[in-house]
Amino acid sequence: MVQAGVVDVLARRDRARALAALGQVEQAALGTRTELRALRAVLGTPEAAATTGAGAFCRTTLERIVGEAQLAGHPVLAYIDRHVDELAAEQRATIVRITQEALTNARKHAGRAPTALEIVVRDDAVRLEVRNAAAADGPALSAGAGLGLRGMSERAQAVGGRLDAGPSGGGWIVRAELPRPEFAAVV
């Protein structure tokens, strides 16, 4: 939705970026459909999970999101832990959606300022951080409705985690910590 909202602004300034944004809208819609199927599978039976793509969210999806941001002219340096594929489906879906929203927000508010994405999988938790530098030429696009941070926070809370976001060194940082329930009982 955020990406669709910027197409009008981009179309007046940069047709190529507007077309890239429309491609991202399509990919986001496809990803959302997959996420809803995965969520339905998580809430349903193991048999449903096997047939609905519950395992679709993984490192490859995150790399695609980073690549799309880079194609849109947003310099993103990413470290994605190779163990992200081993996480539970709901954790992977949460990580993908928080990453997608945080990178969209960074591009929207910081323009072409460099952004770093880091996803680290530990035994007890997953740490996700998106940090962007200050925009050199002011905000890239309109401020929007401000629902992105709340949505990211709600996603983190839904899996027992937390999300913090705020100014950092002239730029912005989004940091999420998601517990790994499969390790909670291990002493």
Side-chain angles (χ1 to χ4, degrees), residues 1-3 6 17 20-21 23-32 34-35 38 55-136 139-141 144 146-159 161-180:
M1 183 178 73
V2 171
Q3 292 166 340
V6 304
R17 284 183 64 201
Q24 291 174 3
V25 168
E26 178 184 23
Q27 291 302 313
L30 291 170
T32 299
T34 302
E35 179 182 359
F57 293 108
C58 59
R59 183 180 167 101
T60 303
T61 306
L62 293 163
E63 289 170 345
R64 179 185 50 78
I65 291 167
V66 169
E68 289 169 357
Q70 292 168 335
L71 282 173
H74 187 183
V76 178
L77 179 64
Y79 170 78
I80 302 168
D81 194 304
R82 64 185 173 90
H83 296 290
V84 75
D85 290 333
E86 300 165 12
L87 298 171
E90 60 272 8
Q91 287 178 307
R92 292 193 313 265
T94 300
I95 290 166
V96 165
R97 290 299 173 224
I98 290 173
T99 299
Q100 191 169 41
E101 180 68 27
L103 288 178
T104 298
N105 285 351
R107 184 172 69 247
K108 180 178 176 181
H109 298 291
R112 297 180 188 264
T115 298
L117 163 67
E118 183 177 46
I119 300 172
V120 177
V121 178
R122 299 187 313 246
D123 284 344
D124 60 338
V126 180
R127 185 179 49 82
L128 180 155
E129 183 175 292
V130 175
R131 178 189 302 263
N132 63 271
L141 304 169
L147 300 176
L149 290 175
R150 187 174 87 197
M152 287 188 286
S153 183
E154 288 171 357
R155 285 182 187 278
Q157 290 171 10
V159 295
R162 62 175 252 227
L163 183 126
D164 298 305
S168 175
W172 192 265
I173 186 168
V174 173
R175 190 177 293 131
E177 182 109 1
L178 310 176
R180 293 190 63 189

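Computation of the quantities below employed the complete heavy-atom set of this structure, encompassing side-chain atoms and omitting hydrogens, waters and symmetry-equivalent molecules.
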In short, V84 meets R92 closest at the heavy-atom pair O-CD, 3.4 Å
Separation between CD1 (I119) and CD1 (I95), nearest 0.5 Å, reads 6.0 Å
Nearest 0.5 angstrom please: H74 NE2 to E68 CD, how far?
13.5 Å
For the atom pair NE2 (H109) and OG1 (T104), what is the distance rounded to the nearest 0.5 Å?
10.0 Å
Work out which heavy atom in Q91 is nearest to a heavy atom in R180; give both atom names and the distance.
NE2-CA, 3.5 Å
Calculate, to the nearest 0.5 Å, the distance between atoms CZ and CD1 belonging to R155 and I98 respectively.
7.5 Å
Decide yes or no on salt bridge (charged side-chain N to carboxylate O under 4.0 Å, His left out) for E177 and R127, but give the supporting numbers first.
CA-CA 5 Å; E177 182 109 1; R127 185 179 49 82; 5.4 Å; no
Which atom pair, heavy atoms only, marks the closest approach of S168 to R131?
OG-NH1, 2.8 Å
Any V121 side-chain heavy atom under 4.5 Å of E86 side chain
no
Look up atom CG in L103 and atom CD in Q70, then write down how far apart they are to the nearest 0.5 Å.
9.5 Å
Approximate separation, where rounding is to 0.5 Å, of L163 CG and R150 CZ
13.5 Å
Whether E101 and R97 form a salt bridge (side-chain N of Lys/Arg under 4.0 Å from carboxylate O of Asp/Glu) is what I want to check.
no
Does a side-chain heavy-atom distance below 4.5 Å link L128 with L178?
no
How far apart are the closest heavy atoms of A134 and G170, and which atoms are they?
CB-O, 3.1 Å
Validation row: Y79, V120 side chains within 4.5 angstrom (heavy atoms)
yes
Considering all heavy atoms of both residues, which atom of D85 and which atom of R59 are nearest to each other, and what is their separation?
OD1-N, 2.9 Å
Where do A165 and V174 come nearest, in terms of heavy atoms and distance?
CB-CG2, 4.1 Å
